[in-house]
Amino acid sequence: YGGGGSIGGAVASEFAREGAHVFLAGRTRESLETVANTIKADGGAAEVAVFDALDEHAVDEHAQTVVSQAGSIDVSFNLITRGDVQGIPLIQMTTDDLLRAVVDGLRSNFITARAAARRMVEQGSGVILALDSGSANGSPMMGSTGPADAATDTFIRNLAAEVGPQGVRVVGIWTAGLPETFSREKLATVDSKFQDEAAFQGLIESLDQMRITRRSPRLGEVAATAAFLASEKAGAITGTFVNVTSGMFPS
């Protein structure tokens with residue numbers, strides 16, 4: 001879900017290189033088709049479905065379609081945008097701006113994970129993945145992102161505890177500030193100050209210095225981590241979030 005985005009597309013392509021039959025879902029056909037065509041050009045298998053991951057009926061219907069076509073759902077990954085608002089002190093935020101990312105993020109992760117988990121429990125196997133920034137760990141000026149991440153973190157950990165005995169793993173990834181995914185236009189939808197070119201460039205230049213490694217994570221590293229977590233090599237990992245922030249904060 002969100003397979004046409006920067007991170008979603010990179011993860012989908014990595015899964016395909018590892019031999020997965022990828023089912024890309026999202027709201028924008030053009031971006032999904034771009035990722036699917038790239039996967040197919042590299043010899044992989046990819047299907048596209050256009051719907052909103054906040055729509056319970058559409059998600060359940062698509063999950064059944066995947067099972068009918070592929071025989072199972074082995075991995076489910078939610079990477080949709082939530083409408084986060086950042087860069088505003090919490091005491092100056094509107095209620096709607098605070099709650100939008102919390103509600104949409106939790107609703108979407110719940111709907112998609114539930115659809116997959118019901119089928120994975122029947123199979124006795126499967127991996128559900130989620131991704132957020134890790135901003136629940138005390139990140140000032142992150143606005144709605146911190147509470148939204150906290151809701152996702154708690155949901156993922158609790159779901160893992162419930163479905164683990166049936167052979168289903170539930171794992172999350174923390175990552176934030178991937179320069180390869182940035183554009184001034186995209187950042188401005190989250191924080192209006194990035195409409196200014198100088199502010200945008202200043203953010204890019206400062207990101208490396210915020211890390212323990214003095215190096216921001218790369219898109220390929222996040223995708224490779226997702227593929228590892230979905231694989232049998234990570235069979236002992238569940239109910240937790242893997243920190244792929246280059247040490248932006250401890251976990």
Side-chain angles (χ1 to χ4, degrees), residues 1-55 58-59 62-63 65-66 69-70 73-84 101 104-105 108-109 111-113 115-116 127-134 145 149 152 171-190 204 207 216-231 234 241-242 244-246:
Y1 306 96
S6 299
I7 298 177
V11 170
S13 296
E14 184 70 17
F15 282 1
R17 281 191 289 271
E18 293 290 337
H21 187 160
V22 179
F23 292 81
L24 300 164
R27 294 179 298 179
T28 307
R29 180 172 294 278
E30 183 179 4
S31 59
L32 294 169
E33 293 283 7
T34 297
V35 176
N37 290 337
T38 299
I39 289 172
K40 292 173 183 177
D42 290 339
E47 314 288 338
V48 166
V50 179
F51 62 89
D52 191 335
L54 293 167
D55 183 333
V59 169
H62 179 254
T65 298
V66 172
Q69 273 189 254
I73 299 177
D74 302 304
V75 182
S76 178
F77 202 173
N78 187 315
L79 292 156
I80 76 159
T81 57
R82 307 175 300 194
D84 295 43
D104 285 357
S108 175
N109 274 287
I111 290 171
T112 59
V127 181
I128 295 169
L129 299 174
L131 182 144
D132 64 50
S133 73
T145 297
D149 287 357
T152 299
V171 192
I173 294 171
W174 287 339
T175 196
L178 305 180
E180 296 157 276
T181 70
F182 288 171
S183 71
R184 198 172 68 182
E185 293 72 25
K186 286 170 65 175
L187 286 176
T189 65
V190 176
I204 299 296
L207 277 170
S216 296
R218 304 294 190 260
L219 198 54
E221 293 168 339
V222 175
T225 300
F228 165 70
L229 292 174
S231 75
F241 277 72
V242 175
V244 192
T245 67
S246 294

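On a predicted model such as this, the values are computed, not experimentally measured, just so you know.
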CG of Leu54 to OG of Ser108, rounded to nearest 0.5 Å, is 5.0 Å
Margin query: With a 4.5 Å cut-off on side-chain heavy atoms, are Val222 and Leu131 touching?
Written below: yes
Interatomic distance, OG1@Thr152 vs CG@Asn109, rounded to 0.5 Å, equals 4.5 Å
Taken in chain and number order and not counting sequence neighbours, the residues that satisfy side-chain contact (heavy atoms from CB on, under 4.5 Å) with Ala115 are Val59, Asp60, Ala63, Arg119
For Arg82, is there an ion pair with Asp149 - N to carboxylate O distance below 4.0 angstrom? yes
For this session: Please examine the side chains of Phe182 and Leu207, heavy atoms only from C-beta on, and report whether any two atoms are closer than 4.5 Å.
Result: yes
Minimal heavy-atom distance between Gly4 and Val35, with the atoms involved, is CA-CG2, 4.1 Å
For Ser76, the side-chain hydrogen bond (donor to acceptor under 3.5 Å, both in side chains) test, sequence neighbours excluded, returns none
Those residues at least two apart in sequence (or on a different chain) that pass side-chain contact (heavy atoms from CB on, under 4.5 Å) with Leu229 are Leu129, Val171, Ile173, Thr225, Ala234, Ile237, Val242
* Count the heavy atoms of every other residue, nucleotide or ligand shown that sit under 6.0 Å from CD of Gln69, and state whether that count exceeds 12. => yes
Identify every side-chain donor-acceptor pair in residues 5-12 under 3.5 Å, counting partners at least two apart or on other chains, and give the distances.
residue : atom : partner : partner atom : Å
Ser6    : OG   : Lys186  : NZ           : 3.4

When every non-hydrogen atom of Ala58 is compared with those of Asp52, the smallest separation belongs to CB-O, 4.5 Å
Applying side-chain hydrogen bond (donor to acceptor under 3.5 Å, both in side chains) to Asp104 and not counting sequence neighbours gives none
Please tabulate, for the side chains in residues 36-50, all donor-acceptor contacts under 3.5 angstrom to protein atoms that are two or more places apart in sequence or on a different chain.
residue : atom : partner : partner atom : Å
Asn37   : ND2  : Glu33   : O            : 3.2
Thr38   : OG1  : Thr34   : O            : 3.0
Glu47   : OE2  : His21   : NE2          : 3.1

**Prompt:** Is there side-chain contact between Pro179 and Ser216, with heavy atoms separated by less than 4.5 Å?
**Reply:** yes
d(Tyr1 OH, Ile80 CD1) to nearest 0.5 Å is 11.0 Å
The salt bridge (Lys or Arg N to Asp or Glu O under 4.0 Å) partners of Glu221 (sequence neighbours excluded) come to Arg215
task: Show the numbers, then the answer: is there a side-chain contact (heavy atoms from CB on, under 4.5 Å) between His62 and Phe51?
output: CA-CA 9 Å; His62 179 254; Phe51 62 89; 3.4 Å; yes
To the nearest 0.5 Å, atom CG of Leu178 lies from atom CD of Glu180 at 7.0 Å
Shortest non-hydrogen pair, Asp84 vs Ala101, comes out as OD1-CB, 3.5 Å
Taken in chain and number order and not counting sequence neighbours, the residues that satisfy salt bridge (Lys or Arg N to Asp or Glu O under 4.0 Å) with Arg17 are Glu14
Contacts of Asp132 meeting side-chain hydrogen bond (donor to acceptor under 3.5 Å, both in side chains) (sequence neighbours excluded), chain-then-number -> Trp174
Those residues at least two apart in sequence (or on a different chain) that pass side-chain hydrogen bond (donor to acceptor under 3.5 Å, both in side chains) with Thr175 are none
Applying side-chain contact (heavy atoms from CB on, under 4.5 Å) to Ser231 and not counting sequence neighbours gives Phe228, Lys233
Residue set satisfying ring-ring contact (aromatic ring centres under 6.0 Å, His included) with Phe77, at least two apart, ordered chain then number -> none
